[in-house]
Amino acid sequence: MEENKFCKGKVSVVTPVYNGEQHLAGMLDSVLAQTYPDIEMILVDDGSSDRTLAVAEGYREKFAARGYGYRIVAAEHGNASAAVNKGLPYVTGEYLIWPDSDDVLARESVEKRVEFLQDHPEYQCVRSLSWYFNAGTGERAEKADEQQGDLDREELFWDILESRTFVCCGCYMLKSASFFAIYPERRIPEYGVGQNFQMLLPFMYRHKCLTIREELYGVAVREGSHSRTALTREQEEKKYSDYESLVDEIAEICRIEDRESKERIACWKARRRYRISLKYRRKKEARTALRLLRRYGDFSAGEAVKEIIWAYCVNGWMKDKIYPIYRKIFVRGK
């Protein structure tokens, strides 16, 4: 759709779901409970093998009674980014959010973010804070999975890439016209990893994002969820490789060509390669990554020597318990 064709004031909610029979109702109920009057729900079933579609179908009358649009898109099982792509062509709202299927929106979550963007037309996006809760008991979790970072910062591309702030998907609201200016074919890069990187990084490279200091999005913590499932060595290494390929593609989308930014991305890769090489005791690869980090100035000579000592001389309990503390205190939080 052309920019002037988006329905003014409407918020499009695109949510992918896979085998969400047990938790989907919570998300849909939280959408129905919104104080904002103009919402369309676009639910993409990613080839679920349980009763997810039946649960989704049971909400048609509820959304109609609320006066909200409601569309169910059935797709073959792929991954989250592929599922999002099945929903993006149906977006008609001026604003776009994409919460996870097991999370919840606070009642004023949509309204407060829309109000900010309407009151501050110079911004193309805004985000809020989140809270975490136990999906089984509903009890609030004591600790979040992601750090908040510097909430005064509005240029978030590097903070997101380098894990200094949160990428919690339901916290962000984007203006649809600006988003589809980046993706005019309404398709984000499809990988078995990411989804939020694809949605956020190219946008944040172009636009500033203010943070509303309110917890407007609830993140469910579920044992056995995709993000908390233990990976084999092969799976973890593939995940690392896929993220590198994804970031390379995002750099092309952003047209990142300056030397400083390219080196910063190379440094990001080297840090990740060092971590996984150290985890699986691949010392040669760890040395190579350390040399790259030293070249880009990410480690001083002294820090590099200390890292080598950890890699070669320390094992067992000290490596598992003491090393993370050392990294946090002495290696600039990397």
Side-chain angles (χ1 to χ4, degrees), residues 1-16 31 34 36 38-40 42 80-81 84-85 87-88 91-100 103 105-106 108-130 146-184 186-189 194-217 219 247 250-251 253-256:
M1 297 177 69
E2 298 177 2
E3 181 175 350
N4 61 358
K5 296 291 186 181
F6 288 104
C7 297
K8 187 172 179 60
K10 179 181 286 187
V11 175
S12 296
V13 182
V14 177
T15 294
V31 174
Q34 290 302 297
Y36 192 73
D38 195 0
I39 292 176
E40 65 175 0
I42 303 167
S81 55
V84 167
N85 279 338
L88 291 179
V91 169
T92 66
E94 182 181 3
Y95 308 105
L96 172 64
I97 61 174
W98 62 104
D100 280 343
D103 296 339
L105 297 163
E108 296 181 319
S109 180
V110 170
E111 181 178 6
K112 288 189 174 183
R113 287 183 282 175
V114 170
E115 285 182 348
F116 173 84
L117 290 175
Q118 290 177 339
D119 292 342
H120 301 84
E122 68 274 19
Y123 286 91
Q124 301 301 304
C125 57
V126 68
R127 68 176 184 171
S128 71
L129 303 180
S130 64
E146 297 180 288
Q147 57 184 333
Q148 290 184 348
D150 183 355
L151 297 180
D152 289 326
R153 286 184 61 83
E154 297 183 1
E155 296 178 349
L156 299 179
F157 177 86
W158 294 108
D159 290 58
I160 289 173
L161 177 64
E162 296 169 344
S163 301
R164 290 195 302 274
T165 193
F166 54 93
V167 296
C168 186
C169 56
C171 292
Y172 289 81
M173 176 177 284
L174 316 178
K175 287 187 178 180
S176 298
S178 297
F179 179 76
F180 290 118
I182 299 170
Y183 295 117
R186 296 196 173 214
R187 292 185 64 83
I188 62 175
Q195 169 196 354
N196 293 332
F197 266 26
Q198 293 95 310
M199 299 289 286
L200 288 174
L201 284 177
F203 203 99
M204 299 303 158
Y205 192 74
R206 292 164 172 80
H207 305 291
K208 294 182 179 181
C209 183
L210 181 136
T211 303
I212 297 174
R213 312 295 177 89
E214 295 184 59
E215 296 175 345
L216 300 179
Y217 185 70
V219 182
V247 169
I250 288 173
I253 293 170
C254 296
R255 298 180 181 177
I256 294 177

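Here, residue 1 is the first one in the sequence, and each next residue gets the next number.
Side-chain atoms of Ser176 and Glu94 include no donor-acceptor pair closer than 3.5 Å.
For the atom pair CG of Leu151 and OG1 of Thr165, the computed distance is 6.5 Å after rounding to the nearest 0.5 Å. Expressed to the nearest 0.5 Å, how far CG of Leu201 lies from CD1 of Ile182 amounts to 10.5 Å. In this structure, Phe157 CZ and His207 NE2 are separated by 13.5 Å, a value rounded to the nearest 0.5 Å. With rounding to the nearest 0.5 angstrom, the CG atom of Leu200 is 10.0 Å from the CZ atom of Phe166. Here the straight-line distance linking atom OG of Ser12 with atom CD of Glu40 works out to 3.5 Å at 0.5 Å rounding. The OH atom of Tyr217 lies 14.0 Å from the CG atom of Leu129; values are rounded to the nearest 0.5 Å.
Two residues are said to be in side-chain contact when any heavy atoms from C-beta on lie closer than 4.5 Å; Val11 and Arg113 fail this criterion. The closest side-chain heavy-atom distance from Met199 to Phe179 is below 4.5 Å.
Dense packing is recorded around CD of Glu115, with more than 12 heavy atoms of other residues, nucleotides or ligands lying under 6.0 Å away. Crowding of Arg213 atom CZ: a count of heavy atoms from other residues, nucleotides or ligands under 6.0 Å exceeding 12.
Partner of Ile42 under the side-chain contact (heavy atoms from CB on, under 4.5 Å) criterion, chosen from Leu88, Leu96, Val91: Val91.
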Item to check | side-chain contact (heavy atoms from CB on, under 4.5 Å) between Glu146 and Val219, worked out | outcome: CA-CA 11 Å; Glu146 297 180 288; Val219 182; over 6 Å; no
Checklist entry - Can Ile188 and Asn85 be said to form a side-chain contact (heavy atoms from CB on, under 4.5 Å), step by step? => result CA-CA 7 Å; Ile188 62 175; Asn85 279 338; 3.3 Å; yes
